[in-house]
Amino acid sequence: MNRYKEYLDLLSKTYEEAVEFLLQKYGPALDDYYREKSYQRFMNGEIKNISKGKISRTNEGLYCHHIDEIKWLKVSDKNFVMRFNIPFEHQRKDRLVYCDLIEHSILHILITMETSYEFGYQGYKVYLRPIIEDWYLNKIIPRPKWMQNCYNKSFLEVQEAFNILKAMQSKLGKSYYNTLLDYYEKIKKKEEERIRWIKALEQNRLNDRYKWITRAKQLHSKSTRDDIVSISYYIYKEYHDYCG
């Protein structure tokens with residue numbers, strides 16, 4: 001089975017089945033996500049950061065996913081750990097599973113479906129889907145070495161990447177672009193809007209600059225202190241920004 005078809009097959013599973021498949025595929029974690037003593041000290045307010053275990057496998061292009069993200073929001077985030085008082089048991093090695101970028105996205109899709117959007121969706125929408133679009137549709141190859149490992153691990157041709165995104169959106173009951181051409185047309189329009197916004201911003205700055213310069217030329221010996229200070233400050237700020 002090729003990579004794309006394997007992703008589609010994974011998408012058809014339940015969350016529990018998908019986790020079990022990935023545990024068999026990549027093997028179990030050999031260490032807890034966080035060090036237990038450090039975790040407890042953090043929870044007691046004794047330290048500001050938590051020491052991690054040896055869980056990274058980005059050298060293989062793999063992400064570490066908390067299985068219990070189906071029960072808790074952002075289990076790996078120390079701020080959420082503290083806010084929701086997440087027990088350490090959810091950080092243990094038997095509650096971790098490895099996956100590549102697409103598999104990670106699929107896990108979040110399955111969590112979303114099985115929790116009726118209570119968990120999973122934001123991680124997919126805000127973090128994972130944009131990465132897939134940037135890497136495989138927009139062809140932006142990441143620079144950090146660990147990201148390149150992840151990029152290569154789950155690499156899909158453009159049409160396959162588009163199709164898996166569309167399949168994941170469909171699983172959620174949401175629409176996606178009808179075709180790749182529609183996607184690129186939308187990206188083109190967004191870029192054109194961004195350029196227009198930047199040009200408008202710059203034109204507003206130039207208009208503002210002209211207004212203040214005109215006011216500066218109108219200063220005289222009887223000008224108010226407020227006018228002199230405000231105009232002088234603007235000119236200083238303007239030229240300071242231009243000259244660094």
Point to revise | S223 side chain vs H220 backbone, donor-acceptor pair below 3.5 Å | key: yes
Study note, to complete from the structure: All heavy atoms of F119 vs all of I70, minimum pair found to be CD1-O, 3.3 Å
**Study point:** K211, NZ atom: more than 12 neighbouring heavy atoms under 6.0 Å
**Key:** yes
Check your understanding: Is the distance between the ring centroids of F162 and Y136 less than 6.0 Å?
Key -> no
Review point. So, are E36 and R92 salt-bridged, with charged N and O less than 4.0 Å apart?
Key: yes
Check your understanding: Can you check whether W146 reaches N59 side chain to side chain, under 4.5 Å on heavy atoms?
Key -> no
**Study point:** Distance in Å, L180 CG paired with K166 NZ, rounded so as to fall on 0.5 Å steps
**Key:** 9.5 Å
**Study point:** Side chain K52, main chain R35, donor-acceptor under 3.5 Å
**Key:** no
**Study point:** Pair E60 + R57: basic N to acidic O under 4.0 Å
**Key:** yes
Practice item. Please report the shortest heavy-atom distance between S38 and S51, naming the atom on each side. Key: OG-N, 2.8 Å
Study note, to complete from the structure: Nearest heavy-atom approach of Y121 to L172 is CE1-CD1, 3.8 Å
Point to revise | Shared hydrophobic cluster for V75 and V126 (ILVMFWY, side-chain gaps under 4.5 Å) | key: no
Point to revise | Distance-minimising heavy-atom pair for L96 and D31 | key: CD1-O, 3.7 Å
Practice item. Would you mind checking if D9 and K13 are paired as a salt bridge, meaning a charged N to carboxylate O distance below 4.0 Å? Key: yes
Review point. Would you find a donor on one side and an acceptor on the other, under 3.5 Å apart, between the side chain of E20 and the backbone of E17?
Key: no
**Study point:** Cluster overlap I140 with L165, hydrophobic side-chain contacts below 4.5 Å
**Key:** no
Practice item. With the side chain counted from C-beta on, respond yes when L137 and I132 share a heavy-atom pair under 4.5 Å apart, and no when they do not. Key: no
**Study point:** Rounded distance [0.5 Å steps], SG in C64 versus OH in Y98
**Key:** 4.5 Å
Exercise for review: May I ask you to check whether Q40 and N44 show a side-chain donor-acceptor distance below 3.5 Å?
Suggested key: no
Revision key, fill the gap. What one should report as the nearest heavy-atom pair of I102 and S154 is CG1-CB, 3.8 Å
Point to revise | Aromatic ring proximity Y33/H66, centre distance under 6.0 Å | key: yes
Practice item. Apply side chain to side chain contact (heavy atoms under 4.5 Å, CB included) to L219 and R215, showing your working. Key: CA-CA 7 Å; L219 288 174; R215 288 187 62 185; over 6 Å; no
Check your understanding: Is there a donor in the side chain of Q169 and an acceptor in the side chain of R129, or the other way round, less than 3.5 Å apart?
Key -> yes
Study note, to complete from the structure: Output for pair (Y124 OH, T112 OG1), nearest 0.5 Å, gives 9.0 Å
Review point. Side chains of L107 and V19: does their closest heavy-atom pair fall under 4.5 Å?
Key: yes
Check your understanding: Hey, what do you get for NZ (K74) to CH2 (W72), rounding to the nearest 0.5 Å?
Key -> 16.0 Å
Check your understanding: What orientation do Y183 and Y177 show, parallel under 30°, tilted 30 to 60°, or perpendicular over 60°?
Key -> perpendicular
Check your understanding: Can you check salt bridge (Lys or Arg N to Asp or Glu O under 4.0 Å) on E103 and K25, steps first, answer last?
Key -> CA-CA 11 Å; E103 292 162 344; K25 181 177 181 179; 2.7 Å; yes
Check your understanding: Is L30 reachable from L62 through a run of hydrophobic residues whose side-chain heavy atoms are each under 4.5 Å from the next?
Key -> no
**Study point:** N-O pairing of R95 and D68 below 4.0 Å
**Key:** yes
Point to revise | Approximate separation, where rounding is to 0.5 Å, of L22 CG and L10 CG | key: 5.5 Å
Check your understanding: Heavy-atom distance under 4.5 Å between the side chains of I86 and Y39, does that happen here?
Key -> yes
Point to revise | Test item: T58 side-chain N/O and G61 main-chain N/O as donor-acceptor pair under 3.5 Å | key: no
Review point. Can you say whether the rings of H104 and Y63 are parallel (under 30°), tilted (30 to 60°) or perpendicular (over 60°)?
Key: tilted
Review point. Which is it for R3 and E6 under the salt bridge (Lys or Arg N to Asp or Glu O under 4.0 Å) test, yes or no, and what are the steps along the way?
Key: CA-CA 5 Å; R3 184 180 297 167; E6 187 175 285; over 6 Å; no
Practice item. Determine the minimum heavy-atom distance between S105 and M168, stating which atoms define it. Key: CB-SD, 3.8 Å
**Study point:** Lys NZ or Arg CZ of K78 over F42 ring: under 6.0 Å, within 45°
**Key:** no
Practice item. Let me see the working for E157 and Y4 under side chain to side chain contact (heavy atoms under 4.5 Å, CB included), right down to the final yes or no. Key: CA-CA 9 Å; E157 296 295 341; Y4 172 70; over 6 Å; no
**Study point:** Residues I106, L110; criterion side chain to side chain contact (heavy atoms under 4.5 Å, CB included); working and verdict
**Key:** CA-CA 6 Å; I106 290 172; L110 298 177; 4.1 Å; yes
Practice item. Flag the pair V158 / Y184 as yes when at least one side-chain heavy-atom distance between them is below 4.5 Å, and no otherwise. Key: yes
Review point. Are H65 and I111 side-chain neighbours, meaning at least one heavy-atom pair lies under 4.5 Å?
Key: yes
Check your understanding: Between I228 and T224, is any pair of side-chain heavy atoms under 4.5 Å apart?
Key -> no
Practice item. Tell me whether I141 is reachable from L156 by hopping between hydrophobic residues (I, L, V, M, F, W, Y) whose side-chain heavy atoms are closer than 4.5 Å. Key: yes
Check your understanding: Between D100 and Y7, do the side chains contain an N or O donor and an N or O acceptor separated by less than 3.5 Å?
Key -> yes
Practice item. Evaluate the side chain to side chain contact (heavy atoms under 4.5 Å, CB included) criterion for residues I55 and Y34: first the C-alpha distance (whole Å), next the side-chain angles of each, then the deciding distance (0.1 Å), finally the verdict. Key: CA-CA 9 Å; I55 48 85; Y34 286 120; over 6 Å; no
Check your understanding: With distance as the sole test, does E114 use its side chain to make a donor-acceptor pair with the main-chain N or O of T14 at under 3.5 Å?
Key -> no
Check your understanding: When rounded to the nearest 0.5 angstrom, what is the spacing between CD in E160 and NZ in K5?
Key -> 10.0 Å
